[in-house]
Amino acid sequence: MIEKTGLDKIRNIGVIAHIDAGKTTTTERMLLYTKKIHKIGEVHDGTATMDWMVQEQERGITITSASTTCFWNDIHINIIDTPGHVDFTVEVERSLKVLDGAVVVFCAVAGVQPQSETVWRQADKYSVPRVAFANKMDRVGADFNNVLAEMHQKLGANAAAIQIPVGAEENFIGIIDILEEELVTFEGEKGEQVVRKPCPEEYKAQVAKVRHDLVEKVAEADDNIMELYIHNKPVSKEELKKAIRATVIANKFVPVLCGTSLKNKGIQLVLDAACDYLPSPIDLPAVKGFEPETGEYEERAISPDAPFCAFCFKIMSDPYVGRLNFVRIYSGKIKAGETIYNSSKREDERLSKIVRMHANKQEMIEEASAGDIVAFVGLKETKTGDTLCKEDQPIVLEAIKFPEPVVDLAIETKSKADQEKLAFALRKLQDEDPSFRVTYNTETAQTIISGMGQLHLEIAVDRILREFNVEAKVGRPQVAYRESIRNKVNITGKFIQQSGGRGQYGHVVLVMEPQEVPGAGITFEDTLKGGVIPREFIPAVKNGIILAAKSGIMGSYPVTDVAVTLVDGSYHDVDSSEIAFQMAASIAFQDGLRKGVSFLLEPIMDIEIVVPEEFMGTVIGDFNSRRGKLVSMGQRGNVRVLRGHVPLAEVFDYANIIRSLTQGRASFTMEPFCYQEVPRDIANKILGLK
């Protein structure tokens with residue numbers, strides 16, 4: 001058990017990569033060789049242990065990051081297998097926040113792919129030390145040297161090989177370990193027997209060259225090796241290993257390994273490298289945060305003896321135990337049944353159980369301590385990004401910043417009976433996934449779900465239908481158009497009814513004009529003098545205008561950006577009432593829209609597109625075709641940043657469009673900017689006119 005394991009014997013690692021590079025297959029082999037599982041499950045068969053969701057098994061992709069625990073030699077490893085698809089980038093983000101190291105898997109055929117760049121940047125953001133693994137060496141077109149070259153060019157990584165492949169494609173038979181200068185082959189039905197032999201004579205020259213390159217790259221990041229290298233002194237195996245570990249932990253060097261997960265070659269050496277070179281919790285600096293009351297800087301040493309401090313990085317709903325809060329414990333110890341303090345929400349929480357996760361299966365444990373990644377059961381208020389500690393020694397750690405959702409869908413139930421079930425399902429999904437948003441648009445009376453991409457929302461809808469048994473249908477969300485007027489007009493509104501006995505009398509004169517500043521909405525002012533209308537009826541006039549502005553005359557869209565001034569009117573001693581003045585104002589406003597020449601406005605979005613240089617022309621051409629206006633062009637590192645304004649109606653499916661234009665390498669963020677007039681031909685289409 002981990003309680004008896006020293007902190008130096010723990011590794012918290014993630015497996016990250018582009019979609020289809022082989023992360024889940026690699027993780028599956030790690031579990032086999034560490035004897036965590038005894039039968040290999042395959043992704044393409046839908047039997048992989050870590051892909052436990054029905055949606056994952058059907059599509060053959062990872063959707064949610066799955067956590068498991070295993071032992072390799074005397075090292076305790078917590079592994080998180082993450083998704084590769086860009087729509088589930090949040091799962092990678094939150095996993096990297098709490099991990100100490102990562103194994104980055106590259107496809108030996110495709111090299112550094114678009115999502116490889118994204119996960120690499122995410123790892124840079126959280127300063128996560130890495131080892132790289134060139135997978136699929138058995139595939140046609142596999143090229144280990146190309147992977148290394150692309151790591152240098154596209155990622156700017158200080159990387160060097162610590163292994164070279166023997167053979168390639170169908171002739172890939174094994175690996176030469178550069179540090180040990182041995183040929184390593186993998187025998188037995190599942191490659192479980194690692195056989196080491198002296199390096200064959202014909203490879204010695206190549207090994208010497210690769211070792212020289214390795215020493216050179218490590219020397220760039222390590223002063224001791226640099227000293228030996230400059231003076232042409234030999235570097236021993238022990239010195240080189242020690243320097244590789246130090247430079248990997250300092251995030252200055254990435255050792256690169258090779259193999260094929262599907263054919264069971266090379267995974268044991270990846271496990272060795274993870275244990276030898278990736279940091280244990282004590283190799284990392286103290287965790288930083290602040291005191292919730294005073295805001296003063298605080299830090300906690302990563303030790304079981306320090307005050308308790310943990311970070312919730314994920315929430316999952318389990319049909320049997322309910323809500324599971326995945327936490328990384330940075331310091332101290334905690335036992336099941338204790339009360340803990342959520343310093344982010346400033347609330348006490350009772351911890352009923354602690355479980356160690358293996359994909360979607362749980363193992364109950366009594367106590368967890370620093371260095372652990374476990375799940376807590378029984379927490380009611382704790383959300384993703386919250387800090388847990390003891391009330392008498394509070395600390396708040398930095399929360400995770402999640403990207404804004406970029407794709408919307410409208411969802412509605414097929415029957416009234418399902419509305420409550422849908423609301424419950426949407427709440428659950430929002431709890432689990434911070435990049436999934438739910439909003440209700442009062443104007444279009446639609447429930448809008450927003451996510452990171454079409455696949456993201458497709459999975460969410462699939463879960464609503466299957467897991468929560470909600471009969472729902474989805475459709476394209478409507479654009480919230482508006483109406484306004486062009487001209488200043490003077491309008492009279494009268495509401496007079498005589499029907500014997502007490503009647504109704506309201507009479508107002510309004511001046512309506514376009515607002516000088518766009519976005520000012522509807523404003524009301526009265527400039528009456530001498531009591532032509534009693535003061536108690538003025539609020540009714542304002543109310544009538546506001547009610548009338550909710551529905552214009554063109555397409556019943558709300559009216560905006562009109563300044564209304566009450567300049568005159570009259571009243572009747574007996575017949576005037578609030579309702580009469582409200583009706584009179586409403587009639588005048590509707591008339592004013594006609595006479596002031598009403599026109600249609602549409603929402604314009606402020607958009608920022610981050611695109612590699614080679615795709616810039618294509619993206620700008622497409623952007624202009626969507627009625628977009630470029631405002632600025634800038635540079636950020638090796639990518640271009642475009643800022644502009646574009647109508648919302650033109651960019652509903654922009655996430656998919658921009659990915660297909662740029663091979664998935666561009667990204668964008670978008671937020672509402674203002675309302676602008678719709679061109680007449682498009683307005684006619686919207687209103688169904690010829």
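- Cys312 SG to Leu388 CG: the interatomic distance, rounded to the nearest 0.5 Å, is 6.5 Å.
- The distance from the CD atom of Gln430 to the CD1 atom of Ile315 is 11.5 Å, given to the nearest 0.5 Å.
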Q: Verify side-chain hydrogen bond (donor to acceptor under 3.5 Å, both in side chains) between Asp138 and Thr260, making sure each step is shown before the conclusion.
A: CA-CA 6 Å; Asp138 59 314; Thr260 163; 2.8 Å; yes
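- Taking CD1 from Ile13 and CG from Leu99, the interatomic distance works out to 8.5 Å, rounded to the nearest 0.5 Å.
- Contact annotation: the side chain of Gln268 approaches that of Trp72 to within less than 4.5 Å [non-hydrogen atoms, C-beta and beyond].
- More than 12 heavy-atom neighbours from other residues, nucleotides or ligands sit within 6.0 angstrom of CD on Glu347.
- Using a distance-only test at 3.5 Å, with no hydrogens or angles considered, no donor-acceptor pair links the side chain of Lys154 to the main chain of Glu117.
- The aromatic rings of Trp120 and Phe106 lie tilted to each other, with the angle between the two planes from 30° to 60°.
- For Arg323 and Asp431, the salt-bridge test passes: some basic side-chain N is under 4.0 Å from an acidic carboxylate O.
- Counting heavy-atom neighbours within 6.0 Å of Lys353 NZ, excluding the residue itself, gives a total of 12 or less.
- With respect to Asp386 and Lys383, no salt bridge is recorded, no charged nitrogen being found less than 4.0 Å from a carboxylate O.
- Between the side chain of Glu150 and the backbone N or O of Val112 there is at least one donor-acceptor pair closer than 3.5 Å.
- A salt bridge between Lys380 and Glu349 is absent, with no side-chain N of the basic residue lying under 4.0 Å from a carboxylate O of the acidic one.
- A salt bridge links Arg665 and Glu614; the closest N-O separation between the charged side-chain nitrogens and carboxylate oxygens is under 4.0 Å.
- Phe468 does not carry Lys428 over the face of its six-membered ring by the limits of under 6.0 Å from the centre and within 45° of the normal.
- The shortest non-hydrogen separation linking Ser450 to Leu457 is C-CD2, 3.7 Å.
- Atom OH in Tyr33 sits 4.0 Å away from atom CG in Asn264 (nearest 0.5 Å).
- With Thr387 contributing its side chain and Ser344 its backbone, the two residues share no donor-acceptor pair below 3.5 Å.
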Q. Given the rule in the side-chain contact (heavy atoms from CB on, under 4.5 Å) test, do Ile80 and Phe326 qualify, once you have shown the distances and angles that lead to the verdict?
A. CA-CA 11 Å; Ile80 295 183; Phe326 283 69; over 6 Å; no
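- You'll find the side chain of Asp100 stays beyond 4.5 Å of the side chain of Leu278, heavy atoms only.
- The pair Arg627-Glu650 meets the salt-bridge criterion, with a side-chain N (NZ, NE, NH1 or NH2) lying under 4.0 Å from an Asp/Glu carboxylate O.
- Distance check, rounded to the nearest 0.5 Å: CG of Asn78 to CG of Asn12 gives 4.5 Å.
- Residues Ala102 and Val128 approach most closely at N-CG1, 3.8 Å, considering heavy atoms.
- Annotation: side chain of Leu262 is in contact with side chain of Arg29 (closest heavy-atom distance under 4.5 Å).
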Q) When you look at Leu429 and Val438, which way does the side-chain contact (heavy atoms from CB on, under 4.5 Å) test go after all the steps? A) CA-CA 9 Å; Leu429 291 175; Val438 181; over 6 Å; no
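- The local environment of CZ in Phe424 is sparse, with at most 12 non-hydrogen atoms from other residues, nucleotides or ligands closer than 6.0 Å.
- Around the NZ atom of Lys416, the shell of radius 6.0 Å holds no more than 12 heavy atoms that belong to other residues, nucleotides or ligands.
- The side-chain contact (heavy atoms from CB on, under 4.5 Å) test with Phe376 is passed by exactly one of Ile334, Thr382, Leu324: Ile334.
- Summarising the geometry of Ile604 relative to Pro647, their closest heavy-atom pair is CD1-CA, 3.9 Å, with the distance given to 0.1 Å.
- Among all heavy-atom pairs drawn from Ala123 and Leu96, the shortest one is N-CD1, 3.6 Å.
- Residues Glu363 and Val355 have side chains not in contact (no heavy-atom distance under 4.5 Å, counting atoms from C-beta outward).
- The shortest non-hydrogen separation linking Ser116 to Leu155 is O-CD2, 4.4 Å.
- Side-chain contact check for Ile464 versus Leu426: some heavy-atom pair is nearer than 4.5 Å.
- Counting non-hydrogen atoms of other residues, nucleotides and ligands closer than 6.0 Å to NZ of Lys263 gives a total of 12 or fewer.
- Using a 4.5 Å heavy-atom threshold, the side chains of Pro281 and Arg328 count as touching.
- When all heavy atoms of Thr662 and Val619 are compared, the closest pair comes out as CG2-CG2, 3.6 Å.
- Atom CG of Leu257 is separated from atom CD1 of Ile267 by 9.5 Å, given to the nearest 0.5 angstrom.
- When side chains are defined from C-beta on, Phe436 does not count as touching Ile459, because their heavy atoms never get closer than 4.5 Å.
- Within the 4.5 Å cutoff, the side chain of Phe311 has heavy atoms near those of the Lys97 side chain.
- Counting heavy-atom neighbours within 6.0 Å of Lys685 NZ, excluding the residue itself, gives a total of 12 or less.
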(Q) Could you walk me through whether Val470 and Thr413 satisfy the side-chain contact (heavy atoms from CB on, under 4.5 Å) test, starting with their C-alpha distance in whole Å, then the side-chain angles of each, then the deciding distance to 0.1 Å, before giving a yes or no? (A) CA-CA 7 Å; Val470 179; Thr413 54; 4.1 Å; yes
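- With hydrogens and angles disregarded, no donor-acceptor distance shorter than 3.5 Å links the side chain of Asp372 to the backbone of Ile329.
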Q. Should Val641 and Glu608 be marked as a side-chain contact (heavy atoms from CB on, under 4.5 Å) after you check the CA-CA gap, both sets of side-chain angles, and the distance that decides it?
A. CA-CA 7 Å; Val641 180; Glu608 181 182 275; 3.6 Å; yes
